[in-house]
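Notes to accompany the following structure.
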Number of protein chains: 2
Amino acid sequence: VSDSERLARIALSRLTEPGDHRVANLVAELGAVRLFGLLRDERDPGGLLTEVATRLRGIDPGADLERAERLGIRYLIPGDPEWPTQVDDLIHCANLEDRGGPPLGLWVRGPGRLDRLDQSVAVVGSRHATTYGAEVARGLADTLVRADWSVVSGAAYGIDQAAHRGALSVEGATVAVLACGVDRAYPTAHRPLLDHLAQTSLVVAEVPPGCAPTRGRFLSRNRLIAALTRGTVVVEAAVRSGALNTATWATRLNRHLMGVPGPVTNAQSQGTHQLVRSGAATLVTQGSEVLEVVGDIGTHLVIPPRAPSTPRDRIGQRLQRVLDAVPVAQPAPVDSIATTAGLGLVEIRSSLSRLLTLGLVETSPAGWRLAPAARE
Amino acid sequence: VSDSERLARIALSRLTEPGDHRVANLVAELGAVRLFGLLRDERDPGGLLTEVATRLRGIDPGADLERAERLGIRYLIPGDPEWPTQVDDLIHCANLEDRGGPPLGLWVRGPGRLDRLDQSVAVVGSRHATTYGAEVARGLADTLVRADWSVVSGAAYGIDQAAHRGALSVEGATVAVLACGVDRAYPTAHRPLLDHLAQTSLVVAEVPPGCAPTRGRFLSRNRLIAALTRGTVVVEAAVRSGALNTATWATRLNRHLMGVPGPVTNAQSQGTHQLVRSGAATLVTQGSEVLEVVGDIGTHLVIPPRAPSTPRDRIGQRLQRVLDAVPVAQPAPVDSIATTAGLGLVEIRSSLSRLLTLGLVETSPAGWRLAPAARE
């Protein structure tokens, strides 16, 4: 990758907002170096000039890169060995939405490697998470990182924070993707969390260092979280939640989309339930089920939970038939049980005494009935 | 319908257990009158005689019917105007399982009409329901009966009871289908509930009056609940729950199957979550969604819940673009917002003052940032 390509992309990312589809199309057509050259010479490719004119003053990508490197921040572009090629899938989304184009490059802070995110899952959800939702997010992240998957989220309050912390608690890889520069902290209360992530794992952003978060940048950040990962799990989301925007991107990008259910009385689960109802998301209840969805065919298969087998399961069909004829509540005499079972008295008597030994029936002067163990 | 047909079916239902597939096949082949005649003459149709021999002594269907009528109980058989013809769908299940055959007839107590159950929904679930599950079942029943649907359940503890009570609380139609005779109460603590149902609505059973509940009869009762109704809603079910047996029957009978989610930490929701995960059941969170599933095409359509629109939704695209460029936290000066938005200073200034009037941004000496109302 040439230096001029890197510097041109830095310049373009200063000049435009993330994911701009006109920029994506022009870069595909002309290349980043040529596009920046045209703009710098005040030519007007694709009618972009009027919009970027005010930003052109004082553009100095070389100084940007130097300053970033001093802060321990690197700038990755397509073609770099560490480039996460999966985000290039966004090329197909460039014209879907204003903000749908692939990133020009990514600003990265931390010792992790961004190309390792081919095995990653996004865990996202409400900033106003319930304690239930936060606990579920924490547990999912724990299971995922133990299975050597990275957990990607947005470092927001609520579910995002719980997911990062769940991964960190078992020293797993967890990556924060920000709507502001990687040197900034939003919310500011998460400065220690973000510094810790930058020291042990990765903090990623599409906007250059120093940039403030805006609503537009949150939306483009969401598309990046979906694009970086193999699948997105929405833990809690009210009907108007940014997490649903990430979910839409996961679907557009043909990523796996999963939703964790919750009490139907919980407004924070309404959005997730809608995703499952509509068929957009698969219902998941634990990390192992997430792994089953995102893993390769035949890996991470989940054995559906089932109760331990009971003594009842271990008796033959003939004994089961007798047991099925024994009353649940009021005891019945042997001949009545024989009538119900449609079997002879001799067989019934020996079957009942065998069932008594197994603790499945109980007897009294009034007759026989099921023991509590056999009532389930 | 002839008296001899009715009496023959009463006799056969005394001689055999509900749903016996051999009986179903023999009735289809020979008719009930002929089959009973052969058994009474100690001929051996289909090898059935050995099993029913002990029960043949003392068979008196005429006396059975008379005694039942004195207790206010009627016996319905196919061909009666009140016969719920949908249960005849079980004819196709006769050979699926030991207990899969259609009922020979139904013992009914109460002023309701059984043929009205073409517009009914089963609400079933765990006997060990949580308060959450019971509250949800109650609410579902309430909504269903208000929309003139009947709620069918099994009068057990937990979800069943909550469903019946939810329907009764708004004087709706709710039907109990029992595993014992309609004159008996199981659990005995539900005697007042069952008497109330018999006075205001319906209590139904396949086994003759006086019969005790057995495990076998619970299983055949479950198939009847599924067969009587347009769909089954499972509210809470652990991984080994009788409600899952009803769910299996609903699927076999091509009825709608629905599951209500709950906290993933709740063992009583594990079975429901599995039903949804496997694709067997549709996730539902409220009665209106149940109605949408079971109703005829174009009726009971649910408008997906969404948050009320905000001032943000009501501004034009151009103003939205300015708003998207305003920082969320740290205020920014006008020129920085102009740069982010890619718009001229004049337009930005007038847009910001319009947004200020709308309460979407706030201003301070340091610049502009989003107002709390615009941060969602």
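Computed from heavy atoms alone, side chains included, the values below leave out hydrogens, waters and symmetry copies. To find a chain, count down the sequence lines: A is the first, B the second, and so on, and within it residues start at 1.
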- Query: Rounded to the nearest 0.5 Å, how far apart are CD of A:Gln274 and CG of B:Leu283?
  - Reply: 10.5 Å
- Pairwise distance CZ(B:Arg14) to OG1(A:Thr339) - rounded to 0.5 angstrom: 10.5 Å
- Item | Option that, when pairs with chain B are counted at under 4.5 Å, heavy atom only, ranks first among A:Ala212, A:Ala53, A:Ala325, A:Ala329 | A:Ala325
- Message: If you count heavy-atom pairs within less than 4.5 Å of chain B, which of A:Gln320, A:Gln330, A:Arg217 leads?
- Response: A:Arg217
Between [X] and chain A, which part of the residue has a heavy atom less than 4.5 Å away: side chain, backbone, both or neither?
| X | result |
| --- | --- |
| B:Arg321 | side chain |
| B:Ala267 | neither |
| B:Arg369 | neither |

- Close side-chain approach of A:Glu292 to B:Arg277, heavy-atom, < 4.5 Å: yes
- Message: The criterion is salt bridge (charged side-chain N to carboxylate O under 4.0 Å, His left out); which residues satisfy it with A:Asp324, sequence neighbours excluded?
- Response: A:Arg312, B:Arg99, B:Arg215
- Do you know which of B:Thr285, B:Thr340, B:Val326, B:Leu343 has the most heavy-atom pairs with chain A at a distance under 4.5 angstrom? B:Thr340
Which answer fits [X], side chain, backbone, both or neither, if we ask what part of it has an atom under 4.5 Å from a heavy atom of chain B?
| X | answer |
| --- | --- |
| A:Ala341 | backbone |
| A:Glu236 | neither |
| A:Val284 | both |

Which donor-acceptor pairs under 3.5 Å do the side chains of residues 258-265 of chain A make with protein atoms, sequence neighbours left out?
none

